[in-house]
Amino acid sequence: MSLFKKVRVVVAVFFVVAISLLFLDFTGNVHKYLNWCSQIQIVPAILAVNIIALIILIAMLFVLGRFYCSAICPLGICQDVFSHIAGAIKKNRFSYKPSKKAFVILRFSILGISIVALIFNIAIITSTIEPYSIYGRIISQIFAPVYLLGNNILAYFAEKNGSFAFYTVDIWLKSAAALAVAVISFVVIAIFAIKSGRGYCNNICPVGAFLSIFVRFSLVKPRIDKNKCSNCGLCAQNCKANCINSAEKDVDALRCVACFNCALRCPKGAVNYLPNTKK
Amino acid sequence: MEKNQTQTNENLKTDTKTRREFVAGTGLFALGLVAPAISRGYDFDGGLAPLEDKKIPMRSTPIIPAGADNIRNFSSSCTGCQQCVTTCPNQVLRPSSDVPKFMQPNLSFERGYCRPECVKCSQVCPTGAIRPITTAEKSAIQKGIAIFKSELCVVNTDDVQCDLCSRKCPTAAITMISLNADDSSSRKIPMIDTNRCIGCGACEQLCPARPFSAIYVEGVETHRII
């Protein structure tokens with residue numbers, strides 16, 4: 001496994017677990033240590049004018065490309081989980097899809113609408129399309145009740161044995177609308193992830209579109225060495241963003257989410273992430 | 001050799017079967033545990049009398065958490081991630097389903113009240129829609145004002161004396177006054193000092209009137225330091 005992918009997986013697992021815990025924990029203990037994970041999410045950081053977080057995110061964008069999408073955004077990582085399961089059933093399931101103009105227009109129109117909604121305060125658009133909020137609702141509406149149920153079972157046993165390490169909490173439906181929104185977005189995300197890997201991130205998500213604008217300047221991105229490549233196409237078949245054109249030996253940087261899976265699959269070691277420094 | 005093979009296969013089969021039974025059994029067992037555990041949450045009065053659930057009153061202005069300053073500012077920065085809603089230990093926050101403030105949290109006091117000594121929501125908000133505040137600040141922020149509905153009060157409906165709201169008010173904003181001004185021995189009803197009320201909802205939550213409390217909190221557009 002390349003160092004890039006190792007770092008990506010470790011960071012991604014950390015963030016998805018940490019952010020899920022922020023939404024599951026009801027005692028308030030986790031927040032003391034992990035609150036920063038939610039503060040460095042891009043839309044919250046913009047809204048809170050969190051300068052330090054924004055500088056870190058911009059620096060990361062210019063060095064690692066859309067590393068944010070593959071390792072920090074919990075919704076992106078959640079899609080990778082689905083994608084990973086689907087990939088275990090059917091290997092090499094992706095293929096290169098040329099960038100269609102209609103999809104590019106759709107993507108940037110959604111970005112435009114989201115920016116307008118953010119400025120003119122149209123809550124129904126901002127809150128339903130912002131990735132961190134989508135993930136928050138999925139965890140808080142669908143998984144938190146299960147977590148609380150587990151806690152109540154432990155509390156029941158603990159109390160029977162004279163221990164008060166756990167305490168019973170109320171499980172109640174806070175809002176039917178929120179649950180409905182969470183279930184719908186969860187199903188949509190799951191279908192996108194199973195069908196097309198990062199199709200949601202590259203066609204719908206406004207944050208993905210926003211980050212794509214700057215990605216051409218980033219230092220780390222997949223580059224195919226024309227001399228080493230044997231045209232086997234394994235990189236394209238394992239690219240969840242469908243962005244590697246292995247026939248032309250070209251990568252559509254706009255859609256690449258910096259997951260670093262391609263080099264791992266290449267039998268010839270023809271995919272490099274750093275620019276070629278001539279010896 | 002072949003016989004051996006089939007035998008192991010059979011062993012495997014029974015193995016999976018018992019495992020399945022075990023899983024199903026555990027599931028049922030867990031369910032049996034869960035049912036009382038869930039229902040237990042509801043008899044917080046000690047289970048002495050059957051209680052009718054409270055209904056959410058119509059509030060013309062929603063109540064937003066202390067630290068959000070004003071409704072405009074709050075609704076423009078909140079993205080409805082539900083971080084505060086899941087963290088709230090007093091069960092007062094819940095997402096709104098109204099279109100203009102879709103998924104943004106509102107306060108309601110059917111299950112608890114907004115304790116002046118708790119600032120959890122302000123600490124966890126990632127967008128700064130609820131700015132971080134101290135407990136000292138919070139105990140002086142007026143995020144709503146209690147309103148008394150005389151016709152619902154048990155003093156009038158059941159002709160009994162009750163002063164729960166005034167006893168539980170953390171800012172001592174409620175004074176009990178005589179129902180009949182000329183007769184000092186008559187039953188007493190609450191009077192609210194709007195310059196002391198911080199809109200915590202303790203009075204609304206503890207009010208014995210059902211299904212609507214006789215005293216409820218109405219939100220304010222802009223929070224005020226009192």
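What you see is a predicted model; the values in this text were computed from it and never measured. So you know, we letter chains A, B, ... as the sequences are listed, proteins then strands, and number each from 1.
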Query raised in the report: Where on Thr27(A) is there a heavy atom nearer than 4.5 Å to chain B: the side chain, the backbone, both, or neither?
Result: backbone
Requested in this report: Begin from the C-alpha positions of Phe186(A) and Tyr135(A) and carry the test ring pair (Phe, Tyr, Trp, His ring centres under 6.0 Å) through to its verdict.
Outcome: CA-CA 8 Å; Phe186(A) 189 55; Tyr135(A) 187 74; 9.2 Å; no
Query raised in the report: Counting heavy-atom pairs under 4.5 Å to chain A, which of Gly128(B), Gly80(B), Cys78(B) comes out on top?
Result: Gly80(B)
Requested in this report: Below 4.5 Å from any heavy atom of chain B, which atoms of Gln41(A) appear? Answer side chain, backbone, both or neither.
Outcome: neither
Requested in this report: Under 4.5 Å heavy-atom distance to chain A, tell me which part of Arg72(B) shows up: side chain, backbone, both or neither.
Outcome: backbone
Query raised in the report: Side chain, backbone, both or neither: which part of Val30(A) has a heavy atom under 4.5 Å from chain B?
Result: neither
Query raised in the report: With the threshold set at 4.0 Å, does a side-chain nitrogen-carboxylate oxygen contact exist between Asp53(B) and Arg111(B)?
Result: no
Query - Segment of Pro100(B) engaging chain A (4.5 angstrom heavy-atom cut-off) - result: backbone
Query raised in the report: Is the number of heavy atoms from other residues, nucleotides or ligands within 6.0 Å of CD1 (Ile52(A)) greater than 12?
Result: no
**Report entry** Sidechain N-carboxylate O distance under 4.0 Å for Glu137(B), Arg131(B)
**Finding:** yes
Report task. Could you tell me which portion of Gln83(B) (side chain, backbone, both or neither) has an atom closer than 4.5 angstrom to a non-hydrogen atom of chain A? Result -> both
Query raised in the report: CZ of Phe103(A): more than 12 outside heavy atoms within 6.0 angstrom?
Result: no
Query raised in the report: Among Ala48(A), Ala45(A), Gly136(A), Cys37(A), which residue forms the greatest number of heavy-atom pairs with chain B at distances under 4.5 Å?
Result: Ala48(A)
**Report entry** Candidate pair Tyr132(A) and Phe23(A), rule ring pair (Phe, Tyr, Trp, His ring centres under 6.0 Å), full reasoning
**Finding:** CA-CA 11 Å; Tyr132(A) 182 68; Phe23(A) 286 101; 5.7 Å; yes
Report summary line: Ranked by heavy-atom pairs below 4.5 Å to chain B, first place among Leu118(A), Ile119(A), Thr126(A), Asn35(A) goes to Asn35(A)
Query - Interface moiety of Val181(A) toward chain B, non-hydrogen atoms closer than 4.5 Å - result: side chain
Query raised in the report: Hey, is Glu204(B) close enough to Lys168(B) for a salt bridge, meaning N to O under 4.0 Å?
Result: no
Query - Heavy-atom proximity to chain A below 4.5 Å, by part of Lys120(B) - result: side chain
Query - Greater than 12 external heavy atoms within 6.0 Å of Phe14(A)'s CZ - result: yes
